[in-house]
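Quick notes on the structure that follows.
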Amino acid sequence: MTQIATVERILDDRYAVISVPRKTACGHDCEECAGCGVNGTAVQAKAVNAIGARPGQKVVVESSTQKMLRIIALVYLIPVALFLAGYLAAALLTASVGIHYLTAAVGFAAGVLVAISYDRKLKARGGLSFTIVRLF
């Protein structure tokens, strides 16, 4: 996955801190919409600076598509899958609709906890890795 980022500062000969604009599903054309209330926030990350980019330069960065898809699956799919599994398991075992909803909510909460746990583990390992591939 490639994105455009700005080099914020140089850490050493090999690494730089970059600022990557956060994208939204709507394309983030806030000047036209202003519906979601999100400002153009950016995420700062550490990137391998193989090309020797300097602070202030716009660069093209790459990140692992496989790792990004794993993160997306954890954040979106696991909570929904556990929600459905909890509901269906309760539906097979009991006729009480209240129990169905309760187990579905517990499954969803377990999925969210799995996502939070993975996020903390990923941050402890340095987060998502970026590589600066060229100037923009």
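Everything numeric in this text was worked out from a predicted model, so none of it was measured.
- I99 approaches A90 most closely through the heavy-atom pair O-CB, 4.0 Å.
- Under the 4.5 Å side-chain heavy-atom criterion for ILVMFWY residues, a single connected hydrophobic cluster contains both L135 and I18.
- For D13, the CG atom counts as loosely surrounded, since its 6.0 Å shell holds 12 or fewer non-hydrogen atoms of other residues, nucleotides or ligands.
- Hydrophobic clustering, with ILVMFWY side chains joined whenever heavy atoms are under 4.5 angstrom apart, groups F108 together with I116.
- Taking each heavy atom of A53 and I10 in turn, the nearest pair found is O-CD1, 3.2 Å.
- In terms of heavy atoms, V7 sits closest to A16 at CG1-CB, 4.2 Å.
- Note on residues 67-104: pairs passing ring pair (Phe, Tyr, Trp, His ring centres under 6.0 Å), not counting sequence neighbours, are Y87-H100.
- By the 4.5 Å heavy-atom criterion applied to side chains, L82 and I78 are counted as neighbours.
- Within the 4.5 Å cutoff, no side-chain heavy atoms of V59 are placed close to those of F136.
- Note: Q57 CD to E8 CD = 12.5 Å, rounded to the nearest 0.5 Å.
- Hydrophobic clustering (side-chain heavy atoms under 4.5 Å, transitive across Ile, Leu, Val, Met, Phe, Trp, Tyr) groups L88 together with V97.
- Residues satisfying the side-chain contact (heavy atoms from CB on, under 4.5 Å) test with S117, not counting sequence neighbours, are none.
- For T6, the side chain to side chain donor-acceptor pair (under 3.5 Å) partners are K58, not counting sequence neighbours.
- With rounding to the nearest 0.5 angstrom, the CG atom of L69 is 11.5 Å from the CG atom of L74.
- Hydrophobic clustering (ILVMFWY, side-chain heavy atoms < 4.5 Å, transitive): V112 and V75 are in distinct clusters.
- Between the CD1 atom in I132 and the OH atom in Y15 there is a gap of 11.5 Å [rounded to 0.5 Å].
- Contact of the F130 side chain with the V48 side chain is not registered, since no non-hydrogen atoms from C-beta on lie closer than 4.5 Å.
- Contact between G86 and T103 at its shortest, heavy atoms only, is O-OG1, 2.9 Å.
- Of all non-hydrogen atoms in Q44 and V17, the two that sit nearest each other are OE1-CG1, 4.0 Å.
- Closest non-hydrogen pair, I51 versus V133, comes out as CG2-O, 3.7 Å.
- When side chains are defined from C-beta on, K46 counts as touching L11, because their heavy atoms get closer than 4.5 Å.
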